[in-house]
Amino acid sequence: MTVRLVVVSHSEKIADGAAELAAQMAPDVVILPAGGTDDGRIGTSLEKVMAALEQAAGGDGVVVLTDLGSAVMTAESAVEFLPDPDSVLLADAPLVEGLVAAAVAAQAGADATGVRQAAEAVRRAPAPEAPEAPAEEELSGPPEAAGDFELVNQAGMHARPAAKIAGGLAGMDAEVTVNGVDGASMTGLMTLGAGRGSVLHIEAWGPDAAKAVKYVGGLVEAGFGEP
């Protein structure tokens, strides 16, 4: 069983499309769209959201992603009607990028909190200048685990690999950098512009440091399942 996801959008097409996109990267995760009004207009429907939440019940928790302000309010209202509102978490994240990161984290087995953190981590983009590693004192001294891994997939570091790395790391008790950027930030990883043949230098701190380096290294060496 995995955490299940609900997508609340003002547009039925956006909700359906975002769910379809995320499902390509997380085929085992239940992703339920709840977009538009009951009569097909732009807007949100409390009934649609409640139906999606009820359908999502029974897993390891539910994380909800929304687009605009009133969608958040609709989702919050729907959660209040649930018999177990604490089983549902609302993520404050960009809808599409956040959903992809959340889906990958759920696919990797993260709990509901980890899935929400993966979605919200996509907001943490680095400055436009060349990214710098976090200050050493902020990460408690030298890394507790590190490794260098060469990208072997044809496309290099693009959205799917970035989502797999960020999503998996979000559920671990570790601070991880990849070539100096936050490993749990899908957006940050994509700004690296690392192509095939580039070497990713991984550093990690915390109880899951070795596990995190092994996880990223395994993904890279397997080419993220791509040609």
Side-chain angles (χ1 to χ4, degrees), residues 1-124 159-160 162-171 184-187:
M1 294 171 64
T2 58
V3 174
R4 299 174 179 182
L5 305 174
V6 172
V7 187
V8 182
S9 171
H10 283 68
S11 167
E12 183 175 7
K13 291 181 179 179
I14 288 176
D16 291 345
E20 181 181 9
L21 175 64
Q24 297 299 308
M25 305 184 196
D28 300 321
V29 178
V30 174
I31 306 173
L32 300 169
T37 63
D38 296 325
D39 56 1
R41 293 180 294 106
I42 296 295
T44 56
S45 164
L46 179 63
E47 290 73 19
K48 274 193 172 185
V49 177
M50 289 186 65
L53 290 173
E54 290 171 1
Q55 190 176 346
D60 294 330
V62 180
V63 174
V64 180
L65 290 99
T66 59
D67 55 7
L68 304 175
S70 61
V72 178
M73 293 186 289
T74 301
E76 290 175 339
S77 298
V79 170
E80 291 177 358
F81 285 103
L82 296 177
D84 184 17
D86 292 336
S87 66
V88 179
L89 301 178
L90 271 63
D92 180 13
L95 183 63
V96 177
E97 288 183 323
L99 178 62
V100 169
V104 172
Q107 179 77 27
D111 62 13
T113 298
V115 170
R116 179 174 65 178
Q117 289 174 344
E120 294 179 343
V122 302
R123 287 190 180 279
R124 301 201 299 265
R160 187 190 301 268
K164 286 187 174 182
I165 291 174
L169 292 180
S185 169
M186 177 181 170
T187 307

Are [X] and [Y] close enough that some pair of their side-chain heavy atoms sits under 4.5 Å apart?
| X | Y | answer |
| --- | --- | --- |
| Val49 | Thr44 | no |
| Leu99 | Ile31 | yes |
| Pro33 | Lys48 | no |
| Leu32 | Arg4 | no |

Main-chain N/O of Asp28 paired with Gln107 side-chain donor or acceptor, under 3.5 Å: yes
Any luck finding a side-chain donor-acceptor pair between Asp111 and Thr113 under 3.5 Å? no
Can you give me the closest heavy-atom contact between [X] and [Y], atom names plus distance?
| X | Y | result |
| --- | --- | --- |
| Ala75 | Leu90 | CB-CD2, 4.0 Å |
| Asp67 | Ser11 | OD2-N, 4.5 Å |
| Val63 | Ala112 | CG2-O, 3.6 Å |
| Ala118 | Ala101 | O-CB, 3.5 Å |
| Ser9 | Leu95 | CB-CD2, 4.3 Å |
| Ala110 | Val3 | O-CG2, 3.5 Å |

Give, for atom [atom1] of [X] and atom [atom2] of [Y], the distance between the pair rounded to the nearest 0.5 Å.
| X | Y | atom1 | atom2 | answer |
| --- | --- | --- | --- | --- |
| Asp92 | Glu120 | CG | CD | 5.5 Å |
| Glu76 | Leu46 | CD | CG | 12.0 Å |
| Thr66 | His10 | OG1 | NE2 | 9.5 Å |
| Leu68 | Ile14 | CG | CD1 | 8.0 Å |
| Leu65 | Leu89 | CG | CG | 10.5 Å |
| Leu82 | Glu54 | CG | CD | 7.0 Å |

Within 6.0 Å of CD in Glu20, more than 12 heavy atoms from elsewhere: no
Given Val64, which partner from the list Leu5, Leu53, Val7 fulfils the side-chain contact (heavy atoms from CB on, under 4.5 Å) test? Leu53
For Ser77, which residues count as a side chain to side chain donor-acceptor pair (under 3.5 Å) partner, sequence neighbours excluded? none
